[in-house]
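Notes for the one structure printed next.
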Amino acid sequence: MTIHLERDEARRIAVRAQRLDADRPGELVPLVEHLTFLQLDPTAAVAPSADLIAFTRLGADYRPEQLRAALEEDRLLYELKAQDDPVTPPFAMIRPVSDLPLLLDRMSAGPEHGGWRAWLAANPRFRQDVLDRLRAEGPLLSKDIPDTAQTPWVSSGWTHEQNVTRMLEALAARGEIAVAGRIGRQRTWDLTERLHPDLPEPVPEEQARPLRDERRLRSLGIARPQLVGEAGDEATVEGSRLRWRVDPALVGAEAVGAGFRGRTALLSPFDRLVHDRIRTQEVFGFEYLLEMYKPAAKRRWGYFALPILHDDRLIGKLDATADRKAGLLRVAAVHEDEHADAATREAVRTAVDQLAAWQGLTVAWP
């Protein structure tokens, strides 16, 4: 049976699934377990993306130190660069360790694309040297590991002959090693078995794939089938010609009907509520493009404009930059996609003030 959703129902399902309604989650690790990952990105025009995503859910009590502790002390989260995952971009992600058994079987063969497997096959001694060094002395920085590559890594780009770094990333993609921590911005590495000694046995990929799809749909609420396979139920959305999959646990729930309570949030451009631009357009009627790679003169909304969520609608973009030396969050513009009344504008100003205060900054309005 196909479920038909009104557009406001679909929006509220998505907002609630991403934990962006008024019912805030209380703790970081359960939040990441629900979202399935936080995307890492070096851009910190306003705040690092993983921290901003956590702040928008948890509120002012969240501190970046909590994320570091969960990664490096409690070992409840881990860092992984996605490889060969059709629904996850090839960026570094923070994932819950509890999900690692659902990934290890798929990871074990190593990345398919870009010649990784052939390069690993050509460097068996180098691979073993790196593992032996980490087993004896880890955790280590890449510069502390000798380059004994039999066949160098060949690239037309900046990674050419960065053999140790490539091998570390390949071994991490296979699940053999993992990021143990960071010294500044440099990663330290160690054996996965030492960092996470109590992991259950890997779930065979044939069983793990549908479980990952179900968890992904639970975090999104409603998604295109390309992203979640056959998880959930088939659905249509008012005004959209596309087919969708929806989490049946959220359909018809009071929290997406008259009982839905939203709030105002300033989202990272990498936030999963807006990451699928097709869904963002079809369900929210919201156009968005990250413009930091565009020349300044061609930007409409700003270098790192933050989508503005108000209740169950995406209503505009905030063009702001954190000037930490001056102690200011400099707001260049608030772009309204639709006319906002006085109450909505005040809610947005309050959200900006809260974002600044969380970072110890003062807002500089235009």
Side-chain angles (χ1 to χ4, degrees), residues 15-16 18-32 34-35 38-71 77 94 182 185 261-275 288 290-292 301-337 340-366:
V15 170
R16 185 186 179 206
Q18 276 288 294
R19 304 307 307 273
L20 285 164
D21 61 336
D23 185 18
R24 288 182 182 271
E27 298 181 28
L28 175 64
V29 173
L31 170 66
V32 181
H34 174 80
L35 297 178
L38 302 178
Q39 182 171 327
L40 289 172
D41 187 87
T43 307
V46 175
S49 185
D51 290 322
L52 182 55
I53 291 168
F55 164 73
T56 57
R57 275 77 176 173
L58 298 170
D61 289 340
Y62 168 73
R63 291 290 180 268
E65 294 79 16
Q66 298 170 16
L67 185 57
R68 178 180 287 273
L71 286 164
L77 304 177
I94 293 171
R182 287 181 179 267
R185 298 185 69 172
R261 296 185 305 118
R263 56 187 173 86
T264 304
L266 306 170
L267 307 181
S268 164
F270 302 112
D271 197 292
R272 262 33 213 179
L273 189 72
V274 297
H275 190 267
Y288 183 78
L290 180 58
E291 296 182 305
M292 66 182 182
W301 306 309
Y303 175 80
F304 200 71
L306 307 185
I308 302 170
L309 174 70
H310 180 67
D311 291 334
D312 65 351
R313 294 175 296 120
L314 291 164
I315 63 170
K317 296 94 176 170
L318 173 73
D319 181 6
T321 305
D323 183 346
R324 294 176 178 85
K325 289 185 178 179
L328 297 174
L329 180 65
R330 298 188 183 277
V331 176
V334 178
H335 301 282
E336 294 183 2
D337 284 24
D341 60 22
T344 300
R345 288 176 178 168
E346 184 59 30
V348 172
R349 289 182 69 92
T350 298
V352 175
D353 289 339
Q354 291 170 343
L355 173 61
W358 169 63
Q359 299 184 83
L361 305 175
T362 301
V363 181
W365 294 97

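Sequential numbering from 1 along the given sequence is applied to the chain's residues.
Side chains of Thr344 and Asp341: a donor on one and an acceptor on the other come within 3.5 Å.
For CD of Glu27, the number of neighbouring non-hydrogen atoms (other residues, nucleotides, ligands) closer than 6.0 Å is 12 at most.
At least one side-chain heavy atom of Thr43 sits less than 4.5 Å from a side-chain heavy atom of Phe304. Looking only at side-chain heavy atoms (C-beta outward), Leu35 and Gln18 come within less than 4.5 Å of each other. For the pair Pro269/Met292, no side-chain contact is recorded, criterion being any heavy-atom separation below 4.5 Å from C-beta on. The shortest side-chain heavy-atom distance between Leu309 and Asp271 does not fall under the 4.5 Å cut-off. Using a 4.5 Å heavy-atom threshold, the side chains of His310 and Val348 count as separate. At least one side-chain heavy atom of Ile308 sits under 4.5 Å from a side-chain heavy atom of Leu266. With contacts defined as side-chain heavy-atom distances shorter than 4.5 Å, the pair Leu318/Val334 qualifies. For the pair Leu20/Arg272, no side-chain contact is recorded, criterion being any heavy-atom separation below 4.5 Å from C-beta on.
In terms of heavy-atom proximity, Leu273 sits nearest to Leu314 at CD2-CD2, 4.3 Å. Contact record, Tyr288 with Ala305: OH-O, 2.6 Å, taken as the closest heavy-atom pair. Taking both residues in full, the closest heavy atoms of Asp311 and Gly262 are given as OD1-C, 3.5 Å, listed atom of the first, atom of the second, then distance. Closest approach of Ser268 and Ile53 over heavy atoms only: CB-CG1, 3.9 Å. Ala50 approaches Leu40 most closely through the heavy-atom pair CB-CD2, 3.9 Å.
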Anything under 3.5 Å between a donor and an acceptor, one on a side chain of residues 351-360, the other on a protein residue two or more places apart or in another chain? List them.
from   : atom 1 : to     : atom 2 : distance (Å)
Trp358 : NE1    : Tyr62  : O      : 2.8
Gln359 : OE1    : Arg324 : NH2    : 3.3
Gln359 : NE2    : Val46  : O      : 3.3

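Atom CG of residue Leu58 and atom CG of residue Asp51 lie 10.5 Å apart, to the nearest 0.5 angstrom. Expressed to the nearest 0.5 Å, how far CZ of Arg263 lies from CZ of Arg24 amounts to 3.5 Å. For the atom pair Arg57 CZ and Asp23 CG, the distance stands at 13.5 Å (nearest 0.5 Å).
By the 4.0 Å N-to-carboxylate-O rule, Asp337 lies close enough to Lys317 to be salt-bridged with it.
Put simply, the side chain of Glu291 gets close to the backbone of Trp301: a donor and an acceptor are under 3.5 Å apart. Looking only at distances, no side-chain donor or acceptor of Arg330 sits under 3.5 Å from a matching main-chain atom of Pro366. Judged by distance alone, with hydrogens and angles left aside, the side-chain atoms of Arg63 form no donor-acceptor pair with the main-chain N or O of Gln66 at under 3.5 Å.
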Using the rule given for side chain to side chain contact (heavy atoms under 4.5 Å, CB included), can you reason through Leu306 versus Leu267, listing the C-alpha separation, both sets of side-chain angles and the distance that settles it, and then say yes or no? CA-CA 5 Å; Leu306 307 185; Leu267 307 181; 5.8 Å; no
From CA spacing to verdict: side chain to side chain contact (heavy atoms under 4.5 Å, CB included), Phe270, Leu52: CA-CA 10 Å; Phe270 302 112; Leu52 182 55; over 6 Å; no
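Scored by the side chain to side chain donor-acceptor pair (under 3.5 Å) test, Arg68 finds Glu72 as partners (sequence neighbours excluded).
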